[in-house]
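Here the structure comes first, spelled out in structure tokens, and everything after it is commentary.
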Amino acid sequence: MKYDSQSIEKKWQDYWYSRDFFQAEDFGEKPKYYALVEFPYPSGTGMHVGHFRAYTSLEVVSRKRRMEGYNVLFPIGFDAFGLPTENYAMQKGVHPRKVTDENIETFTEQIKRTGFSFDFSRVVDTTDPDYYKWTQWIFLKMFEHDLAYRDKTKVNFCPDCRVVLSNEESQGGECDRCGSTVEKKEKDVWFLRITKYAERLLEGLDDLEPLPRIKTEQENWIGKSEGAEILFPVEGTEERLKVFTTRSDTLFGATFMVVAPEHPFIDKLAERISNMDEIRAYRKKAEQKSEMERTDETREKEGIKIEGVHALHPFTKEKLPIFVADYVMMDYGTGAIMAVPGHDERDHAFAKKYGLAIKEVIAGGDVDKEAYTDVEEGILVNSDFLDGLSVKEAIRKMNARLEEEELGGAAVSYKMKDWAFNRQRYWGEPIPIVHCEQCGMQGVKEEDLPVRLPDLERFEPNREGESPLANIESFVRTTCPTCGGEARRETDTMPQWAGSSWYFLRYVDPKNDTELANYHKLKYWLGVDWYNGGMEHVTRHVIYSRFWHQFLYDIGVVPTKEPFKKRTAQGLILGSDGDKMSKSKGNVVDPAEIIETHGADTLRLYILFIGDYEQSTPWNDNGLKGCRRFLEKVWRLREKVGADKDEKAVETLLHKTIAGVDEDIEETKFNTAIAKLMTFANEAAKAEGITKDTFRTFLKLLNPFAPHIAEELNERLGHREPLVKSSWPDVDESLLEEERVTIVFSVNGKVRDKMEVAKDTDKAELESMALANERVKKFTEGKKIVKVVVVPGRLVNVVAK
RNA sequence: GCGGGUGUGGCGGAACUGGCAGACGCGCUAGAUUUAGGAUCUAGUUCUUCGGAGUGCAGGUUCAAAUCCUGUCACCCGCACCA
């Protein structure tokens with residue numbers, strides 16, 4: 001009978017899904033295992049092969065864990081708020097709710113047709129009021145703990161459309177919709193005080209088991225740098241200009257100061273500044289510059305001297321000119337720097353351009369020519385009480401001295417900024433805040449959650465750059481939860497990151513309507529044992545969820561400090577032309593189509609066999625066919641079943657395969673695991689016959705990868721117990737050892753001959769065998785044998801001159 | 001610029017702790033089967049002047065290097081005037 005993947009797959013999917021085989025059991029007796037994959041954004045185009053690559057890995061792990069006797073939680077859900085749905089709704093006039101529901105249905109169907117063993121009884125949808133009620137609840141708690149606050153920022157604003165644009169919508173300073181030049185508009189927006197958690201987010205990385213690069217990426221994002229803050233008095237005023245520096249040792253080399261254009265110090269001293277007009281013009285120019293322009297490192301650094309004010313060196317009392325320059329950023333450090341041209345390259349270039357003094361305070365280079373930045377060798381000079389010290393010692397001494405004299409002291413700065421947490425859009429969680437003229441900003445009462453999104457006909461933002469919600473009087477008008485007076489609702493919604501920052505907690509207890517999840521259930525299931533997702537999410541998404549989790553831990557809602565124990569990331573699947581898949585290039589592979597033509601098992605297998613799991617790799621239709629051929633070969637393999645006893649070679653190989661497949665799965669080396677299954681199938685096909693037990697063991701190994709065909713063959717073999725309920729095979733260590741091994745004979749490191757010998761042949765014996773070997777003799781002829789290296793079980797190397 | 005990663009046949013990729021480079025798959029070649037094609041099976045497939053040479057390139061350590069060290073080039077990812 002032919003291998004009919006379509007009917008087999010349908011049959012087993014019905015069987016599994018109708019019997020709840022994949023439902024996780026709360027407080028089950030078995031050891032728990034929580035495998036988590038990033039939930040998808042249900043777009044209208046259906047699932048992408050990237051989704052499949054992300055899910056098949058932990059799908060294999062989950063199926064293996066169940067066979068190993070674990071109580072596995074392997075959930076799925078939908079991160080369904082977001083711009084694409086809203087834009088689609090705007091264009092077509094269909095409500096985002098309807099679009100979302102349809103897309104979720106399509107995704108669910110595609111997932112089921114692949115045979116994934118998700119627990120479908122725990123599906124979450126971030127746009128469901130029963131879900132976003134808790135997203136809002138967490139926000140309220142953060143608001144109560146002063147972690148959510150409002151502040152002004154500059155947003156991208158299109159003067160023609162009169163809407164606020166995201167960075168993606170305003171690339172190159174032009175509005176995505178109408179092409180007008182985007183303006184920067186000052187606006188009150190919401191921030192989450194993630195910087196308060198910077199140190200803990202850094203520390204917690206030690207408990208995560210990530211790939212080294214994931215860890216360094218998170219460290220870079222947090223961007224901790226240790227240095228000092230120093231106060232510079234401003235001559236003739238009470239003002240003191242605060243700078244952050246990592247090189248407080250070079251303080252005596254500071255010859256001027258630079259402040260960011262936005263620095264409030266400029267406004268404070270406006271009256272004393274004689275060239276304020278010039279500075280205002282420069283400011284305006286800097287403001288119009290896009291981030292890209294301002295951060296273009298090839299651009300010559302330029303600035304403007306502030307006339308009329310000087311800073312004073314805290315120790316020497318020397319007058320230091322102050323410049324404004326846009327290469328200093330307001331949101332890093334203190335927005336002001338002391339410039340040490342002798343020992344900083346940027347400051348050096350700046351000093352040369354404006355003819356400023358360059359002072360050497362660390363001996364070792366020629367500071368007239370270039371900045372000397374070495375911190376290992378240099379010795380302090382021209383630095384009063386620091387002379388003769390190394391850089392390290394000088395920093396320590398200077399920081400202590402600064403503290404003593406109340407001029408500053410050691411300080412830490414983080415690159416990470418607070419998290420801008422709102423959008424002027426409809427399709428997101430409403431921020432549960434009420435503005436009352438009497439009481440100010442008030443959180444909505446817990447019992448009034450969720451603040452539901454009102455039904456809308458039109459989704460365009462209003463003309464002042466506010467969210468479409470601002471147009472709905474019935475939504476906006478409310479009463480103050482504190483004084484009961486008239487009040488207005490906040491109309492901004494949360495960004496897409498919100499719902500995805502805690503979804504893995506909800507899977508644990510998805511239907512709970514009195515708390516986000518029951519504490520005892522969380523205690524049973526957390527932490528997530530293995531979390532897999534895209535490389536592009538390993539910084540932001542993982543940091544954001546860790547931040548929320550740490551906060552929830554602090555207020556006693558979750559029992560673990562960190563949410564995830566292990567994080568991996570799959571590489572991209574490129575189009576067969578080696579380019580990123582995109583509609584415009586026409587190189588997109590549609591997984592739904594592949595399932596129809598080749599079958600789900602073939603797709604599952606190929607997507608893991610395609611290459612190194614963490615590396616990006618191009619799609620290849622022929623490779624896909626190869627996987628289908630392998631399954632057909634396995635299908636025919638059952639004709640070999642019936643031997644009473646296995647050939648010794650088959651038996652050994654089987655156990656090697658068990659050990660190898662097991663290890664490879666744990667190390668995310670799925671491609672080699674599949675290669676090992678192929679090797680076994682090839683050998684078994686060559687044997688006279690194989691036993692029924694051996695074939696069943698092989699099917700168990702295949703089962704996590706290609707469960708439909710494995711179940712079908714298992715059943716046809718006459719086994720009553722389905723593989724989904726069977727146990728993972730054990731390795732018989734005694735069978736792994738082969739009795740005979742191949743020894744390589746080499747001369748001067750070059751292989752000259754090979755020989756099969758008994759495994760336990762000793763060193764002396766191997767050496768004499770090698771020296772007696774004809775080929776070895778030929779290559780050592782006329783030479784003197786200097787040395788013989790014997791590695792038992794592997795090789796003999798004869799060194800001859 | 002800084003940090004991380006990767007470089008191996010025609011292609012995707014293997015190679016434990018330094019010990020037979022190229023597993024497995026694709027593609028290709030020849031043969032069998034077939035009216036033919038497809039499918040399947042068998043054999044072969046790094047290059048080669050048959051001495052050898054060969055893991056981006058140039059050195060080094062070692063009896064032995066894809067693997068360790070130094071330098072260098074290319075590509076990818078992240079961050080980026082970070083004080």
Side-chain angles (χ1 to χ4, degrees), chain A residues 2 211-221 223-225 227-228 243-248 250 257-258 260 291-292 294-301 325-329 331-340 344-347 349-350 413-415 535-536 538-539 569 571-572 574 576 578 605-606 609-612 614-627 629-630 632-633 636 660 663 669 671-682 685-686 742-754 786-791 793-800:
Chain A
K2 238 187 99 213
L211 305 167
R213 56 190 168 142
I214 295 180
K215 193 169 170 176
T216 45
E217 261 179 47
Q218 294 216 4
E219 282 168 354
N220 283 345
W221 181 266
K224 179 178 182 175
S225 79
V243 306
F244 176 77
T245 178
T246 51
R247 295 291 307 277
S248 54
T250 62
M257 321 271 301
V258 186
E291 195 111 346
M292 282 307 276
R294 211 167 143 174
T295 59
D296 179 4
E297 63 162 297
T298 55
R299 188 172 62 101
E300 194 177 352
K301 290 152 193 43
D326 61 7
Y327 78 86
V328 172
M329 300 288 159
D331 49 20
Y332 183 75
T334 61
I337 62 165
M338 64 173 198
V340 184
D344 181 281
E345 275 156 28
R346 278 162 309 158
D347 297 346
F350 199 85
S413 184
Y414 298 94
K415 188 160 69 182
M535 199 62 211
E536 67 276 22
V538 300
T539 38
L572 227 54
L574 307 169
S576 33
L605 210 53
Y606 177 58
F609 186 64
I610 193 166
D612 183 321
E614 279 154 21
Q615 228 60 51
S616 61
T617 179
W619 179 268
N620 181 340
D621 280 324
N622 283 324
L624 180 76
K625 279 186 213 148
C627 287
R629 272 212 277 273
F630 164 64
E632 276 164 4
K633 188 173 220 165
R636 288 192 306 270
E663 199 182 309
K669 288 154 80 177
N671 54 338
T672 51
I674 293 167
K676 279 163 191 159
L677 291 172
M678 288 172 168
T679 304
F680 179 82
N682 290 345
K686 280 181 203 154
T742 305
I743 297 288
V744 169
F745 295 146
S746 63
V747 178
N748 293 334
K750 292 199 170 72
V751 180
R752 295 306 179 188
D753 205 1
K754 296 173 192 181
V786 185
K787 196 175 175 184
V788 182
V789 182
V790 184
V791 183
R794 286 193 195 267
L795 58 62
V796 181
N797 187 23
V798 180
V799 186

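Below, read A as the first sequence line, B as the second, and so on, with proteins coming before strands; counting in each chain starts at 1.
Taking CD of A:Glu663 as the reference point, atom NZ of A:Lys676 lies at 6.5 Å (rounded to 0.5 Å). Atom CG in A:Leu574 sits 8.5 Å away from atom CD1 in A:Ile610 (nearest 0.5 Å). The OG1 atom of A:Thr617 lies 9.5 Å from the CG atom of A:Asn671; values are rounded to the nearest 0.5 Å. Here the CZ-CG distance, from A:Arg629 to A:Leu624, works out to 10.5 Å after rounding to the nearest 0.5 Å. Rounding to the nearest 0.5 angstrom, the gap separating the OG atom in A:Ser746 from the CG atom in A:Asn797 is 3.5 Å. We find the OG1-CG distance between A:Thr742 and A:Leu795 to be 12.0 Å, quoted to the nearest 0.5 Å.
Every stem involving RNA chain B, taken as at least 3 paired positions in a row under the Watson-Crick or G-U wobble test at 3.5 Å, is listed here: B:1-7 with B:73-79, B:10-12 with B:24-26, B:27-32 with B:40-45, B:56-60 with B:68-72.
Contact annotation: A:Arg346 reaches the phosphate of B:rC82 (side-chain N/O to OP1 or OP2, under 4.0 Å). Within the 4.0 Å cut-off from OP1 or OP2 of B:rC41, at least one side-chain nitrogen or oxygen of A:Arg636 is found. Put simply, A:Asn797 has no side-chain N or O that comes within less than 4.0 Å of OP1 or OP2 on B:rC20. Phosphate contact (OP1/OP2 of B:rA64, side-chain N/O of A:Asn748, threshold under 4.0 Å): absent.
Of the candidates B:rG19, B:rC41, B:rC63, the closest approach to any side-chain atom of A:Lys787 belongs to B:rC63. Closest to the side chain of A:Val328, from the set B:rA83, B:rG52, B:rG19, is B:rA83. Checking B:rC20, B:rA53, B:rC79 against every side-chain atom of A:Lys750, the shortest atom distance belongs to B:rA53. Residue A:Arg629 has its side chain nearest to B:rC26 when only B:rC26, B:rG19, B:rC63 are considered. Proximity note for A:Val751 (side chain, C-beta onward) versus B:rC20, B:rC79, B:rG19: the nearest is B:rC20. Picking from B:rA15, B:rA83, B:rG25 the nucleotide with the shortest atom distance to the side chain of A:Lys669 gives B:rA15. Checked against B:rU40, B:rG12, B:rA83, the side chain of A:Phe609 finds its nearest nucleotide in B:rG12. Between B:rC82, B:rC20, B:rG13, one nucleotide has an atom nearer to the side chain of A:Tyr332 than all others, and that is B:rC82. With B:rA83, B:rA23, B:rG52 as the candidates, the nucleotide lying closest to the side chain of A:Ala675 is B:rA23. The side chain of A:Thr672 has B:rA23 as its nearest neighbour among B:rG19, B:rG25, B:rA23.
Side-chain contact between A:Asp347 and A:Met338: absent, with no pair of heavy atoms (C-beta onward) separated by less than 4.5 Å. For the pair A:Phe244/A:Ser225, a side-chain contact is recorded, criterion being any heavy-atom separation below 4.5 Å from C-beta on.
When heavy atoms are screened at a 4.0 angstrom cut-off, A:Ile610 is found touching the sugar-phosphate backbone but no base atom. Base contact: A:Val791 has a heavy atom under 4.0 Å from a base atom. Note on A:Ser616: only backbone sugar-phosphate atoms sit closer than 4.0 angstrom, heavy atoms only; bases stay farther off. Among the heavy atoms of the strands, none lies under 4.0 Å from A:Asp347. Nucleic acid contact class of A:Asp612 (heavy atoms, under 4.0 Å, all strands): sugar-phosphate only.
Spacing between atom CD1 of A:Ile743 and atom P of B:rC20 amounts to 12 Å, rounded to whole angstrom units. In this structure, CD of A:Glu345 is placed 9 Å from C1' of B:rG1, rounded to the nearest angstrom. At whole-Å resolution of the value, CG in A:Asn682 and P in B:rA43 are 11 Å apart. Put simply, CG on A:Leu677 is 18 Å from P on B:rA23, counting in whole angstrom units. In this entry the distance linking CZ of A:Phe350 with C1' of B:rC82 reads 17 Å, nearest Å. Spacing between atom CD of A:Gln615 and atom P of B:rG13 amounts to 8 Å, rounded to whole angstrom units. Taking atom CG on A:Asn220 and atom C1' on B:rG3, their separation rounds to 5 Å, with Å as the unit. Distance A:Leu574 CG to B:rU6 C1': 14 Å, rounded to the nearest Å.
Nucleotides B:rU29 and B:rG4, compared at atom C1', are 43 Å apart to the nearest Å. Taking the P atom of each, B:rG13 and B:rA23 are spaced 15 Å apart, rounded to whole Å. B:rA14 and B:rG56 are spaced 14 Å apart, taking the P atom of each and rounding to whole Å. Across the P atoms, B:rU46 and B:rU35 are found 35 Å apart, a figure rounded to whole Å. Nucleotides B:rU42 and B:rC47 are separated by 23 Å at their P atoms, to the nearest Å. B:rA43 and B:rC63 have their P atoms separated by 42 Å, with the value rounded to a whole Å. A distance of about 8 Å separates the C1' atoms of B:rU55 and B:rA21, rounded to the whole Å. The gap from the C1' atom of B:rA66 to that of B:rU17 amounts to 15 Å, rounded to the nearest Å.
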Carefully, step by step, assess A:Phe630 and A:Phe609 under the rule ring pair (Phe, Tyr, Trp, His ring centres under 6.0 Å). CA-CA 12 Å; A:Phe630 164 64; A:Phe609 186 64; 8.5 Å; no
If you apply the rule side-chain hydrogen bond (donor to acceptor under 3.5 Å, both in side chains), what do you find for A:Lys633 with A:Asn682, and how did you get there? CA-CA 8 Å; A:Lys633 188 173 220 165; A:Asn682 290 345; 2.8 Å; yes
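The stretch residues 617-627 of chain A touches RNA chain B through A:Thr617, A:Asn622, A:Gly626, each having a heavy atom under 4.0 angstrom from the strand.
Along RNA chain B, the nucleotide nearest A:Arg752 and the nucleotide nearest A:Asp344 are compared for position; the residue whose nucleotide lies closer to the 5' end is A:Arg752.
The glycosidic torsion of B:rG9 lies within 90° of 0, placing the base in the syn range. Glycosidic torsion of B:rG59 falls outside 90° of 0, placing the base in anti.
Counting all heavy atoms, side chain and backbone alike, A:Val243 lies closest to A:Thr334 at CA-OG1, 3.2 Å. Summarising the geometry of A:Ser248 relative to A:Ala228, their closest heavy-atom pair is CB-CB, 3.9 Å, with the distance given to 0.1 Å.
Donor-acceptor pairing under 3.5 Å, judged by distance alone, is absent between the side chain of A:Lys415 and the base of B:rC82.
The closest donor-acceptor contact from the side chain of A:Tyr606 to the backbone of A:Asn620 lies under 3.5 Å.
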